[in-house]
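Here the structure is laid out as structure tokens; the discussion comes afterwards.
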Amino acid sequence: MSSDIEAVFIDLGNTLRVLVKDEAHMAHARQQIVRLLGVDEDPLAFCQTLDLRYKEYRKWAFENLAEAPEAEMWTRWLVPGLPVDRVAPLGAELTYLYRQSMGRRVVVDGGREVVEELQRRGYTLGIISNLIGTREIPEWLEAEGFGVYFKAVALSSVLGIRKPSPEIYLEAARRAGVAAGECVCGGGHLKGEVTGRRAAGFGPSVIMRSPAELAQASITDENRPDVIIHEFRQLLQVFPARPGAGGPEEA
């Protein structure tokens, strides 16, 4: 990777974090959702209905490269039949619980060590991620002690814009105080990480996908990444120490 690169932005889902199915954890979240909403329905069946409605919301989000405020997502898409004045104030809590109903999100193997080493090698680190919910990531960064590593965090749920919109990349670079051309992004989504960063004028794109996933992917000139890795640890093979920084020149 070019020595001109100063900032490395990392995606969260299926990159720094992975989803683990934990039925007890998921069941508790489902129970909390129906309790908050005051509905007399089976929690599992109710959340299955939410999943179907959430697919419609995601279709809208993808088409518009936008993320709706939590209150709007719940009152317009997920539970449109319930009183708005009762549901809207619960939006942030409901979104947090709905994410928990999908499973637990844990840091990938070696994730912390890689993040620490990239910082030691002199890179400014940041996060650019599409997700619903304004509460989950700030709480996770604090609880896991990751906040000290990431200078800039750009979340679609906070900014209202989604990858591959170039605006979310440019806002991330602005928050990091680094020129777009000196930034690199890494993640698992070909369209989001490649086309978006090109439109924003970012440096090379790094895609992390397993060989099996790549075999199923449709790679074109439009979404072809500059670098492909198969696991998070391989970021250390891509980003050697910056001039004057600590860490080995090669992983």
Side-chain angles (χ1 to χ4, degrees), residues 1-19 58-67 105 108 111 114-115 118 121 123-132 137 150-240 242 251:
M1 190 65 66
S2 169
S3 60
D4 294 334
I5 297 303
E6 180 179 339
V8 177
F9 288 93
I10 299 169
D11 193 10
L12 290 177
N14 294 319
T15 303
L16 180 56
R17 305 197 306 173
V18 293
L19 185 66
R58 280 178 59 83
K59 180 180 177 181
W60 173 88
F62 275 82
E63 290 175 349
N64 292 275
L65 297 184
E67 206 76 75
R105 289 165 176 83
V108 295
V114 170
V115 168
L118 288 173
R121 293 183 183 187
Y123 294 97
T124 297
L125 301 181
I127 290 170
I128 306 176
S129 191
N130 286 342
L131 80 165
I132 56 172
I137 301 308
F150 296 107
K151 183 177 181 180
V153 178
L155 306 175
S156 65
S157 55
V158 175
L159 298 174
I161 48 179
R162 292 174 56 90
K163 296 183 289 185
S165 171
E167 282 78 11
I168 194 170
Y169 292 90
L170 294 172
E171 176 60 19
R174 186 193 68 78
R175 293 185 178 197
V178 178
E182 298 173 354
C183 297
V184 168
C185 56
H189 302 285
L190 288 170
K191 184 176 181 180
E193 305 302 348
V194 179
T195 62
R197 70 89 190 160
R198 282 179 180 165
F202 266 43
S205 56
V206 180
I207 292 297
M208 189 180 86
R209 300 287 289 272
S210 70
E213 290 172 327
L214 286 171
Q216 299 298 318
S218 177
I219 298 179
T220 66
D221 289 340
E222 180 185 14
N223 66 14
R224 190 178 306 279
D226 298 289
V227 178
I228 295 176
I229 60 176
H230 303 309
E231 59 180 32
F232 197 73
R233 291 182 185 273
Q234 290 179 301
L235 285 174
L236 297 182
Q237 299 173 12
V238 179
F239 299 105
R242 299 187 69 236

Close side-chain approach of Val115 to Leu16, heavy-atom, < 4.5 Å: yes

Sidechain-backbone polar pair: Arg209 side chain, Leu214 backbone, donor-acceptor under 3.5 Å: no

Ile128 side, atom CD1; Cys185 side, atom SG - distance, nearest 0.5 Å: 6.0 Å

Side chain Asn130, main chain Lys163, donor-acceptor under 3.5 Å: yes

Shortest non-hydrogen separation from Lys151 to Arg175 and the atoms involved: CE-O, 4.3 Å

Exercise: do Glu222 and Thr220 side chains pair donor with acceptor under 3.5 Å: no

Any side-chain heavy-atom pair of Leu65 and Ile161 under 4.5 Å: no

Non-hydrogen atoms of Ser205 and Pro225 that approach each other most closely: OG-CA, 3.5 Å

Parallel, tilted or perpendicular: rings of Phe202 and Phe9 (30°, 60°): tilted

Tyr123 vs Arg242 side-chain heavy atoms within contact, under 4.5 Å: yes

Rounded distance [0.5 Å steps], CG in Leu125 versus CZ in Phe150: 6.0 Å

Over all atoms of both residues, closest heavy-atom pair of Ala180 and Ala200: CB-O, 3.6 Å

Pair Ile229-Ile207, side chain to side chain contact (heavy atoms under 4.5 Å, CB included): steps then yes or no: CA-CA 6 Å; Ile229 60 176; Ile207 292 297; over 6 Å; no

Contact check, side chains of Cys183 and Thr124, non-hydrogen atoms, under 4.5 Å: no

Any donor-acceptor pair under 3.5 Å from Gln234 side chain to His230 backbone: yes

Interatomic distance, Leu235 atom CG to Arg121 atom CZ [nearest 0.5 angstrom]: 10.0 Å

Glu67 CD to Arg58 CZ distance, which is reported to the nearest 0.5 Å: 8.5 Å

Test item: Arg174 and Leu170 side chains (from C-beta on) under 4.5 Å apart, heavy atoms: no

Interatomic spacing from CG in Asn64 to OG in Ser165 - rounded to 0.5 Å: 11.5 Å

Lys/Arg N to Asp/Glu carboxylate O, Arg197 vs Asp226, below 4.0 Å: yes

Over all atoms of both residues, closest heavy-atom pair of Val194 and Arg224: CG1-O, 3.5 Å

Distance-only donor-acceptor check, side chains Asn223 and Thr195, under 3.5 Å: no

Separation of Asp11 CG from Ile127 CD1 (nearest 0.5 Å): 9.0 Å

Pairwise side-chain contact, Arg162 with Leu155, heavy-atom cut-off 4.5 Å (strictly under): no

Val184 and Phe239, any side-chain heavy atoms less than 4.5 Å apart: yes

